[in-house]
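These notes are about the structure you will find just below.
Note on naming: letters A, B, ... go to the chains in the order of the sequence lines (proteins, then strands), and numbering restarts at 1 for each one.
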Amino acid sequence: MSEFPNQFEPTEVEPRLYQFWEKEQIFKADPASPKEPYVIVLPPPNVTGVLHMGHALTCTLEDILIRRKRMQGYNALWLPGTDHAGIATQMVVERHLQKTEKKSRHDLGREKFLEKVWEWKEQSQTTILGQLRLMGCSLDWTRLTFTLDEGVSLAVRETFTRLYNEKLLYKDTSLIQWCPRCHTALSDLEVKAKESKGKLWQIKYRLKNDPNKVLVVATTRPETLLGDTAVAVNPDDDRFKAFVGQEVMVPLTNRAVPVIADSYVDMAFGTGALKITPGHDMNDYQVAKRHNLPILSIFDESAKLNQEGGKYQGLTREKAREQMLLDLAEQGLLGEEKDHLNNVGHCDRCDAILEPRLSQQWFVDAATLAKPAIEAVRNGEIKILPKEWEKTYFLWMENIRPWCVSRQLWWGHRIPAWYCPDGHVTVAVETPKACGTCQSASLKQDEDVLDTWFSSGLWPFSTLGWPKETADMKAFYPNQVMETGFDILFFWVARMIMLGIKMVGKSPFHTVYLHPMVRDEHGQKMSKTKGNVKDPLEIVNKVGADPLRFTLAAMAVHGRDVLLSDTRIEGYRNFVNKIWNATRFVMMHFGDVKEAKSDMGNDVNQWIWTRLETCKKDINLALDQYRFFDAANRIYSFVWNDYCDWYIELIKTENEMSARKAAKDSTAIEVLEEALRLLHPFMPFVTEELWQRMPIKAQGRSISLAPYPTDDPEKLAGRDFDGLSVRRASQEMGRGEFQAGSDRITTGTTVVEAIRSRRGECGLNPNSEIRVQIVGPKKNLDALQGADWVKRLIRASSFTLGGDKPDPKKNVLIAIGEMEAFVPREDLMDVKVEIAKTEKELAGLIGELERAKQKLTSHEFVGRAPENVIKGVQDRKTLLEKQVETLQAHLKNLKEG
RNA sequence: GGGCGGAUAGCUCAGUUGGUUAGAGCACCUCGCUUACACCGAGGGGGUCCACGGUUCGAGCCCGUGCCCGCCCACCA
């Protein structure tokens with residue numbers, strides 16, 4: 001540690017520091033701690049997955065929140081876990097099995113297949129957990145939970161049983177969304193509506209009693225006609241009044257179905273007559289229920305025609321359609337056909353076209369659970385940020401439908417329901433010995449598993465040991481923040497709120513922070529087919545976790561997508577380098593200071609302390625409001641602009657430097673040390689590495705346990721900081737009282753900027769030395785007295801204050817507010833360029849002056865604008881007048897000379 | 001069909017209750033290897049803040065209309 005490499009080496013440092021943190025158990029939360037708790041549970045990544053950019057964003061933002069709170073003395077718990085992700089994982093393993101062993105899950109059988117999935121899970125989980133460590137996540141690994149762990153399983157069974165007993169969960173036969181490829185029921189949310197180009201066919205239905213008359217219906221799915229149990233028309237439709245009550249023959253069959261009247265039918269659409277297929281259309285199902293129509297299922301679980309299909313049995317939907325259209329045409333029953341755009345439901349997972357299917361499933365009465373969940377957000381118990389999402393939340397929750405929770409899969413929580421031979425249902429937390437109704441000992445458990453989101457919905461408390469009354473549950477429920485992507489607001493967040501309130505009796509968290517989507521630098525969604533996917537691990541490998549984290553935070557703007565670009569990441573990699581080198585420089589000169597002893601009489605010191613104070617205020621304010629991007633930009637500009645560009649440059653003069661060394665002044669180190677602490681939640685690795693090298697630092701083991709800098713130390717009073725001395729906290733308080741920079745600093749920096757700028761405009765070699773004389777009001781000249789850094793920063797070989805104004809014809813004049821700087825013409829300028837510059841500047845100033853004058857003569861403005869605004873314009877006008885006057889004289893001289 | 005969000009410099013975006021001269025990063029141009037850092041430093045150019053109308057002493061910001069993008073929800077077959 002003694003030598004200081006001239007570059008930060010993330011590949012060497014990051015794993016070493018993470019091991020150190022884990023060994024020291026820095027991230028472990030103690031439920032017995034007297035500290036105020038601050039809890040976030042990590043949205044559990046899918047066990048089959050690898051870490052993608054969305055995870056990277058989630059864990060960066062959550063780690064920033066958690067690390068800051070930990071540094072503020074909270075009992076911070078960030079709880080890790082992984083999700084079994086039922087349908088997704090089962091699909092991946094099935095596919096793998098098919099590929100490697102050419103077997104289906106049915107070939108293996110349930111038990112063997114599940115063994116395979118568990119193997120897969122073990123292997124995959126290690127990968128993703130390692131990746132979370134690579135990102136620097138300060139997760140409490142001692143509490144790692146998997147959604148199929150026994151504890152979670154108990155919570156699931158408990159919830160299922162309680163909801164069942166309260167009739168909020170029930171078994172029902174109903175038309176549900178069925179995926180013919182995954183062979184399972186889905187919830188409404190798992191249906192992706194996609195617009196697709198289809199056709200609208202007209203099909204003639206002959207009247208039973210008068211085969212010469214036909215009723216023409218329009219349909220996009222002719223193959224479903226085998227399932228028709230009625231034809232419907234609008235009751236107000238005069239065209240069809242005579243048909244209502246009669247029967248028509250379903251083409252290609254011998255069945256007669258009634259013509260019914262229902263106002264659902266849109267007279268203007270198609271032919272005005274609608275075939276009703278209640279077994280395979282959600283709307284038709286509703287109509288059928290109203291009219292007590294029979295329901296026919298004509299497709300099997302793979303959406304092939306079943307025994308109801310007659311000659312078409314065994315055909316797929318597409319094949320059947322093709323064949324039936326041919327047959328209809330042959331019988332002269334096919335009318336016109338036209339193109340038609342319609343929405344078709346696809347499986348969220350496998351993209352297959354879904355088929356509504358009549359079946360028995362378990363449902364949760366979501367509408368009842370939603371009521372208190374809506375209320376919790378409405379009364380502010382739960383805040384959703386950005387606030388715009390609340391409206392979306394309400395809209396969905398108020399129109400929520402029964403949630404189908406059973407899945408015909410093997411991988412997941414088995415439904416805790418048992419059936420006896422007589423068909424009685426027994427629902428229980430523990431496997432029952434006998435039927436609850438008839439005492440039969442011959443019980444068979446329900447074959448189905450639960451929707452993954454059912455167990456996810458219990459996550460904020462199932463991870464803490466619920467339903468047992470654990471210490472963790474007492475200490476850490478409710479959580480503080482739920483940070484996740486808006487894409488799972490309904491899938492997950494809403495369900496956690498409903499189930500948390502129902503099961504525990506308290507909202508599961510206080511704040512929901514919905515982060516945006518990560519896209520590429522052109523706002524395109526990252527996708528494999530587009531080839532624009534950025535792999536976070538590749539980036540971490542290349543530049544380290546810190547720059548990636550900082551980029552994600554600095555781009556995370558409320559309600560906007562995060563656009564990730566390589567140049568941005570590179571820029572923040574450079575930032576890491578900048579901090580590294582600034583620390584190296586400061587350590588080189590002040591590495592031997594032993595105690596915090598900042599010379600507060602020195603105005604350069606005061607200035608940087610003041611800037612730091614403002615920075616602390618801004619950052620804390622920003623982070624309190626989840627404005628990660630503001631906080632990131634603020635610390636960036638403090639370190640780079642204030643500290644490196646100004647402060648370090650200011651103290652680099654020999655006088656300043658030797659005085660500081662002699663006095664063992666610790667300001668440079670101390671300010672930087674605080675800046676590192678401010679930065680730590682964003683860039684944990686480089687900050688810890690540098691902090692460990694600092695001679696002056698809080699006495700803790702890790703920067704993660706040092707106090708987070710604040711402009712309001714009262715807030716941290718009384719907190720324990722792993723051995724931090726209270727003295728430092730009180731010192732921080734004192735610094736809040738500094739006034740903004742002294743006259744010497746403000747005057748000096750203004751002079752430096754003006755002269756540098758003029759040099760730049762002239763294209764002069766910045767290294768050439770110039771002679772400078774400054775005249776102006778005494779207070780300004782006094783302020784510049786002794787500011788030898790001004791001389792250094794403008795590269796002045798001589799620097800004269802006051803005295804007679806030099807010959808205007810031989811000197812270039814630079815107006816600096818009320819001051820004038822003179823530089824011998826030969827040092828700076830050729831006359832023609834100077835004249836042009838001056839004229840341009842003058843024109844700008846005159847224009848502005850005119851506008852100011854106009855404002856001040858306007859009665860409305862003077863009469864109605866607040867005083868401070870008027871005063872501002874007046875001051876500006878006075879200054880402008882003085883500058884215009886000076887420059888006009890200067891211009892005159894130039895032209896004459 | 002409903003709802004939400006966006007449009008500001010070449011690119012990606014800030015701009016917190018309307019207030020003096022609209023900012024940043026990157027890109028670009030000029031100059032500089034001044035011993036922390038060329039992953040750097042100093043300077044510069046570049047904007048009718050989508051259009052039109054309104055409110056106001058004053059609008060990038062508030063209101064209305066229009067146009068163009070993106071997303072979510074939705075049972076017109």
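Here B:rC73 presents its C1' atom at 10 Å from CG of A:Leu189, a figure rounded to the nearest Å. At whole-Å resolution of the value, NZ in A:Lys855 and C1' in B:rA59 are 12 Å apart. B:rG44 atom P lies 9 Å from atom CD of A:Glu753, rounded to whole Å.
For the C1' atoms, the distance linking B:rG19 with B:rC28 amounts to 34 Å, nearest Å. Using atom P as the reference point in both B:rU16 and B:rC11, the two lie 23 Å apart (nearest Å). For the C1' atom pair drawn from B:rU8 and B:rG2, the interatomic distance equals 30 Å after rounding to whole Å.
At a cut-off of 3.5 angstrom, counting only N and O atoms as typed in the model, there is no donor on one side facing an acceptor on the other between the side-chain of A:Arg568 and the base of B:rC26. For B:rC39, its base sits under 3.5 Å from the side chain of A:Gln7 at one donor and acceptor pair at least.
Residue-level contact check: A:Asn342 touches the backbone only, with heavy atoms under 4.0 Å from sugar-phosphate atoms and none from bases. Counting non-hydrogen atoms under 4.0 angstrom, A:Tyr264 reaches a base of the nucleic acid. Heavy atoms of A:Lys391 sit under 4.0 angstrom from primed sugar atoms or phosphate atoms, though from no base atom. A:Trp640 comes within 4.0 angstrom of the backbone, heavy atoms only, and of no base. Using a 4.0 Å heavy-atom cutoff across all strands shown, A:Arg634 reaches no nucleic acid atom at all. Among the protein residues, A:Thr392 comes within range of no part of the nucleic acid, since none of its heavy atoms lies under 4.0 Å from any strand.
Both the sub-6.0 Å distance and the 45° axial angle are satisfied by A:Lys652 relative to the ring of A:Phe585.
Considering only side-chain atoms of A:Lys192, the nucleotide from B:rA36, B:rC72, B:rG19 that sits closest is B:rC72. When the nucleotides B:rC76, B:rG43, B:rA36 are ranked by their closest atom to the side chain of A:Asp266, B:rC76 comes out on top.
Using modelled atom types and a 3.5 Å distance limit, the side chains of A:Glu190 and A:Ser187 yield a donor-acceptor pair.
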